[in-house]
Each structure stands twice: as structure tokens, then as C-alpha cells.
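Below, all heavy atoms of this structure are taken into account, side chains as well, without hydrogens, waters or symmetry copies. Throughout, residue positions are numbered sequentially from 1 according to the sequence presented. Note that ligands are numbered from 1 as they come in the structure, with each ligand's atoms numbered from 1 the same way. Only a predicted model underlies this, so the values are computations on that prediction, with no experimental measurement involved.
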Amino acid sequence: MESNKKITVTQPYLPPLEEFIPYLETIWGNKWLTNNGPLHEQLEKELAQYLGVKYISLFSNGTLALISALQALDIEGEVITTPFSFVATTHALWWNKITPVFVDIESDYMNLDPAKIEAAITSKTSAIMPVHVYGNPCQMDKIQEIANKYNLKVIYDAAHAFGVKKECVSVLNYGDLSVLSFHATKVYSTIEGGAVICHTPEMKHHLDNLKNFGFRGEMIVEEPGINAKLNEIQAAYGLLQLKYVDGFIEKRQAIAYQYRVLLSGIEGIRFINDMEGVTHCYSYFPILIDAEKYGETRDELYERLKTNQVFGRRYFYPLISDFEPYNSLPSADRHNLTIANRIANQVLCLPIFVDLQDSEVEFICSLISKIEKI
Ligand SMILES: *Cc1c(COP(=O)(O)O)cnc(C)c1O
């Protein structure tokens, strides 16, 4: 094992450059760079087919896709969401002048706890925005049941759940809308990019207009949309990535399995196993460190790995509810979010990416297992 090579939590997999050149030649020939170009159209079709969804509207990034999804459904007032996510989830609410209401997570998969949603519903609640955190599906049936009972919309932040299926059905088909991110750090990437998945051609049309300033045709602006278009170069990159993505996911699965074998039996270290009936995408490999049993805190382990050139990330610490713009909200109170707080202090995401070597996984696990047990 080379000791001076940095191992980061993730690393993009760039396709062979010579395979990208013909796409660029096509774009140069078309002289069409953005605004729903031919490669953009092709990518929407191929992604819908690959993912097993009906309608998909591409966006320039996942955050603008989330913001536009909320706008498309006229969501206002309060929205119930999780504090255990990337900050963009809640920022999307802020940009729509919506008040986030944080509800605690469950400890098995760290997703929004359906049992705690109802108590947070008020007359101002208009939607629930859960996250399939680390790509593990939320309890979608229970969430939908509550949404139906109170007439609420459901918008899933599915940024971690590319290709994830439950009983052979894409999780993206649940709820009113689902949102993907194709950022360079995600399982599938268009460098920067994102998408909203919807159920009707009318909604797709609405989303297509919203990402193009709200234009309908040449002369009519129906609402104040934004510029969130994915360009032809990104679409080309996405088409090429799509040819490789099954291989990416297989490689990630092999790494996750290797971690599970090597980390099992270490006292005080917990990881998440595959869920029954779920096809996973292995976007992250989080472990939870129980400091008392393990003999070292999460932060101590994080630092020790760093001194050995292993750069894990403490996703998601701090909680979104602890960040400045949100920490004075009543629902940000720690007593309201006890499980999220506990997990945020225990979690560490280990490196997982296509080019990660078996020997590197072994090295990381040997560092983790070296500690003396109490
Ligand atoms: C990456 C991510 C986003 C934001 O996506 P961008 O494409 O980077 O704007 C939103 N939510 C979650 C949970 C994410 O991980």
C-alpha cells in the first residue's frame, strides 16, 4: 500500500476521452449548444427508459431542480422535511419562501420517520419533502398514506437514489415529484446537472417551461421561471456516462460488500446492509461509530484516518437544522431531533468510487479495526 496517496471519499470516473470526441463533433456540426437540443432530448428519452420512469425534465443542477419542483406544485406555507441531508434540500424551501419544519429520522436507515410526521402537521403544511438518504428508500407507503389523509404533496429529494428500485419499481415513481442530482460526486453525473421526474406530460411541460424563464412558446411568459437548462455538452457527457453506469454500480456494490465483510464484528462499528427487495446504487458507505463500544469517537477516527491519507466525510454533520439560516426555527430544537443529533455525531462516510482498489479498502478497514477494544 502506498502511504502517500490520498484516498478521498469520492472521485469522478471520466469516460475514455476518445469516446467523448465524436459527441463533440456532433455538437459542432449541429451548432446547437443549449435550449432543448437534440442530445438533451435523446438523454431525456434514454434516462426515462433506463430509470423506468415516464417523464423526466433535465435541469442544470439538482438544487434548481428541487426549487423548480416546489414551484411547479405551488407549494407554500410549511413543508415537513429531514434535517439529515445535504443543505440544498432545505435551501430549496427557503428560495420558495417556505418555512421548513424539521422532523426526526429513524435510526435504521436514517430517513424521515413517518411515525413523527403527523405531530408536525399544522394548517399551514402543504407538503412533505423526504430524502432517500444514502439511496436507501424512505417508507414511501406510510408517507403517502399520511399525505393522502391530510391532502399534502410529496416531493422526494432522490439525489442519492439513481437507479434505486423497490420490488423492481423505481423509487422515483413514488410521490408527486422526485428530484435527482447529476453532480460530479454522484453515482451518475453530467458534471453538473439534475432532473425532475413526474407522472404526466402536462407536468413535464410545466417543468420544461419553468427552467426556461417561464416561457411558453416565443411570446408568452406564464410565470417567473428561472434559467436552469442543461446544455448539449453536459447532455453528451450524460449519454456517454449512461453506457457505463451499470458497471459503475456493480463496482460500487463490490466495494460495499468488501467493506461489510472486513468491518463485520468490529465492536462499536455499525453499517447498513442491503434492504430486502431493493436494488441499490451504493452511492455512499456510511458507518456509525459508537464511541463507548469502539473506544474512539467518530471525530477521533476521522482524524486518525486523515493522518493516514484517508479522507472520509462526516455526511451529514452538522445537521441542516444547526446551520445559521435555520437554527432558530422552533423545529430545529435538538430535543425535537434526538436521533438525528445522535447519528450526526456518529456517522462517517468511507471512500467509495469506481477506481477504489481492493487493497485500499483493506487498508482503510485495517485502520478502522486496529483500535484496542475496551
Ligand atoms: C447533491 C445533493 C443535492 C444538490 O444537488 P446539486 O446537483 O449539487 O445542486 C440535493 N440534495 C441532496 C441530498 C444531495 O446529495
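Protein residues having a heavy atom under 4.0 Å from any atom of ligand 1 are N61, G62, T63, S85, F86, A88, T89, D157, A159, H160, S181, H183, K186, G193, listed by chain and number.
Salt bridge annotation for K97-E76: absent, with no cationic side-chain nitrogen under 4.0 angstrom from a carboxylate oxygen.
Under a cutoff of 6.0 Å and an axis angle of 45°, R260 and F271 do not form a cation-pi pair. With Y257 as the aromatic partner, R252 does not meet the cation-pi criteria of under 6.0 angstrom to the ring centre and within 45 degrees of the ring axis.
For V9, the side chain to side chain contact (heavy atoms under 4.5 Å, CB included) criterion is met by R313, Y315, C349, not counting sequence neighbours. Applying the salt bridge (charged side-chain N to carboxylate O under 4.0 Å, His left out) rule to D290 yields the partners K293; only residues at least two apart in sequence or on another chain are considered. Residues that satisfy the side chain to side chain contact (heavy atoms under 4.5 Å, CB included) test with F311, not counting sequence neighbours, are K6, K306, Q309.
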